Amino acid sequence: PDFRIVAANDAYLRATMTEREAILGRTPFDAFPDDPDEPEATGVRKLRASLDRVLATRRIDVMAVQRYPIRRPAETGGEFEERWWSPINTPVLGMSGEVAAIIHRVEDVTEIVRLRGEAAAHDQLARDQQAVIDRLHESEARFRLMADAVPQIVWITDAEGRAEFFNKRWSDYTGVPYAPMTAAEVAATFVHPDDAAPTMERFEEARRTGGTFLVEHRIRSKDGDYRWFLVRADPYREPGSRKIVRWFGASVDIHDRKLAEAALRESEEQLRLAVEAAGLGRWELVPESGEFYTSAICNYHLGLPADARPTHEGHFETIHPDDHEMIHRRLRRAVEESGEFEAEYRVLHPGGDVRRILSRARVLYNRGSGTQLLRGMTIDVTEARELEKERERARV
């Protein structure tokens, strides 16, 4: 591998007195050469050896304290200045265990070396760094164990959306080991073509506003099928700053729920068509709040316009006054005792026409709130009652 630099944070640029554009895409050996005036300098060789050890062992490698001459800016003479750094190289492992990237971190320890000497400074820093490394290994092991135990896809990206981590569930589902990818590459490769553009729009909006990234989209499995996932990611900011440095996200499989919702919508539509074909009106009442809903056919039964939105008390204006008490009494009994409501009453239509309406309902309970809900139907029985009367008269 050529170990090309793909990213550098501001602190690193300040420490090395370089510009980001001057080092990105180059190798560290080209970007930070040894002092040409000192042919015995070994900084480049030591760095390459450390990076090779990281590749071979897949573990953090702590380098000895290094003397890195840094060239001062041209306006200050452009001379090399002697600086001492404590470098640590940390592997970023892919899902199959390979080293996908290496994080090179340096700490300027020039003042410590000048005060205590190179050997003493190295010994102390090595002890401190090893303690930190041990804690990092333990923390990383716990995190990976926890992330792989989660039955959903867990992932981390940098601020721009470049993937830094996927748990084992990702490779199990997609059949593709983790590899560094941009958000656009993930969307183009794994997200359903109809969902890719909306997904990227939501992510860019979250980046712009600093809010939660939330979207539902379909992800292709290793078998080529697509399943629905609810995707959510929250930004992690640099301590003491509003600057986003990472996104921590999870993709939850909601495919079965989506299928159930689609089946429910289809079933409800079929029921609605059947009810309307039978000339049945629909109504709902929440006794506690007085919320009231009527369908277009129910409104027709009440002598109201199809698009009317009557209140529960208001709709009594169309009902014969002599039937009000009976309806209220039966509603109370349904709510407090039986759970079933049935009433036949007269409705006064515009123009003086009187229609007989049969209404039946059952008391249900709203899931979550526990409040009561009466859901019922109406049917116009005027002609049926007149036919019954005709039969009665014929029998006499």
Side-chain angles (χ1 to χ4, degrees), residues 257-396:
R257 191 200 80 187
K258 295 285 283 190
L259 292 181
E261 289 175 349
L264 178 60
R265 285 194 298 270
E266 182 179 358
S267 176
E268 289 178 340
E269 178 63 13
Q270 291 174 347
L271 176 61
R272 184 187 66 80
L273 292 174
V275 166
E276 291 180 356
L280 298 176
R282 294 175 293 119
W283 60 271
E284 292 182 4
L285 169 66
V286 179
E288 183 178 314
S289 64
E291 294 176 70
F292 191 54
Y293 161 80
T294 54
S295 69
I297 293 180
C298 183
N299 285 338
Y300 173 74
H301 291 161
L302 293 170
L304 298 172
D307 59 353
R309 293 292 181 265
T311 63
H312 181 238
E313 289 302 323
H315 94 286
F316 275 91
E317 295 177 2
T318 68
I319 298 175
H320 196 288
D322 293 346
D323 296 335
H324 289 192
E325 177 56 31
M326 177 269 296
I327 295 173
H328 283 300
R329 185 174 63 253
R330 294 189 182 187
L331 282 173
R332 284 195 300 270
R333 186 167 63 237
V335 171
E336 298 172 2
E337 301 176 17
S338 67
E340 302 285 341
F341 168 79
E342 181 175 331
E344 185 175 319
Y345 48 85
R346 293 160 291 177
V347 173
L348 307 176
H349 278 219
D353 189 19
V354 178
R355 308 293 296 181
R356 298 196 69 87
I357 305 300
L358 174 64
S359 181
R360 288 176 176 164
R362 176 170 294 176
V363 176
L364 306 173
Y365 289 88
N366 280 330
R367 283 184 293 180
S369 66
T371 57
Q372 291 176 317
L373 169 69
L374 270 85
R375 182 170 291 163
M377 291 187 176
T378 59
I379 185 170
D380 190 321
V381 295
T382 305
E383 282 74 20
R385 295 297 180 256
E386 290 177 353
L387 182 59
E388 289 175 1
K389 290 180 181 179
E390 288 293 333
R391 288 174 179 171
E392 287 293 330
R393 284 194 291 267
R395 282 196 290 269
V396 173

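Positions are given from 1, in the same order as the sequence printed here. All values derive from a computational prediction rather than experimental measurement.
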The criterion is side chain to side chain donor-acceptor pair (under 3.5 Å); which residues satisfy it with Arg330, sequence neighbours excluded?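 Side chain to side chain donor-acceptor pair (under 3.5 Å) list for Arg330, sorted by chain: empty.
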
All side chain to side chain donor-acceptor pair (under 3.5 Å) counterparts of Asn299, not counting sequence neighbours: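 Result, side chain to side chain donor-acceptor pair (under 3.5 Å) vs Asn299: Thr294.
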
Which atoms form the tightest heavy-atom contact between His349 and Leu302, and what is the distance?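 Reported closest heavy-atom pair: NE2-C, 4.1 Å.
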
What is the minimum heavy-atom distance between Leu348 and Val354, and which atoms define it?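 Minimum heavy-atom separation between Leu348 and Val354: CD2-CG2, 3.8 Å.
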
Heavy-atom side-chain contact between Leu331 and His312 under 4.5 Å: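 When only atoms from C-beta onward are counted, His312 and Leu331 do touch, with a gap below 4.5 Å.
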
Below 4.5 Å, heavy atoms only, C-beta onward: do Val335 and Leu374 meet side chain to side chain?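 A side-chain contact exists here, since the closest heavy-atom pair is under 4.5 Å.
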
Please check: side-chain N/O of Thr382 versus main-chain N/O of Arg356, any donor-acceptor pairing under 3.5 Å?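 Yes; judged by distance alone, with no hydrogens or angles, the pair exists.
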
Under a 3.5 Å distance rule, please check whether Asp323 uses its side chain to pair with a backbone N or O of Arg346 as donor and acceptor.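 Yes; judged by distance alone, with no hydrogens or angles, the pair exists.
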
Could you walk me through whether Glu388 and Arg391 pass the salt bridge (Lys or Arg N to Asp or Glu O under 4.0 Å) check? CA-CA 5 Å; Glu388 289 175 1; Arg391 288 174 179 171; over 6 Å; no

Are Tyr345 and His324 an aromatic pair, judged by ring center distance below 6.0 Å?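 Here the rings of Tyr345 and His324 have centres that are no less than 6.0 Å from each other.
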
With a 4.0 Å cut-off, would you call [X] and [Y] a salt bridge?
X      : Y      : answer
Glu390 : Arg393 : yes
Arg385 : Glu344 : yes
Glu383 : Arg355 : yes

Geometric class of the Trp283/Phe292 ring pair [parallel <30°, tilted 30-60°, perpendicular >60°]: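 Taking Trp283 first and then Phe292, their aromatic rings sit tilted (interplane angle of 30° to 60°).
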
Residues in side chain to side chain contact (heavy atoms under 4.5 Å, CB included) contact with Arg329, at least two apart in sequence or another chain: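 Here the qualifying residues are Glu325, Met326, Arg332.
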
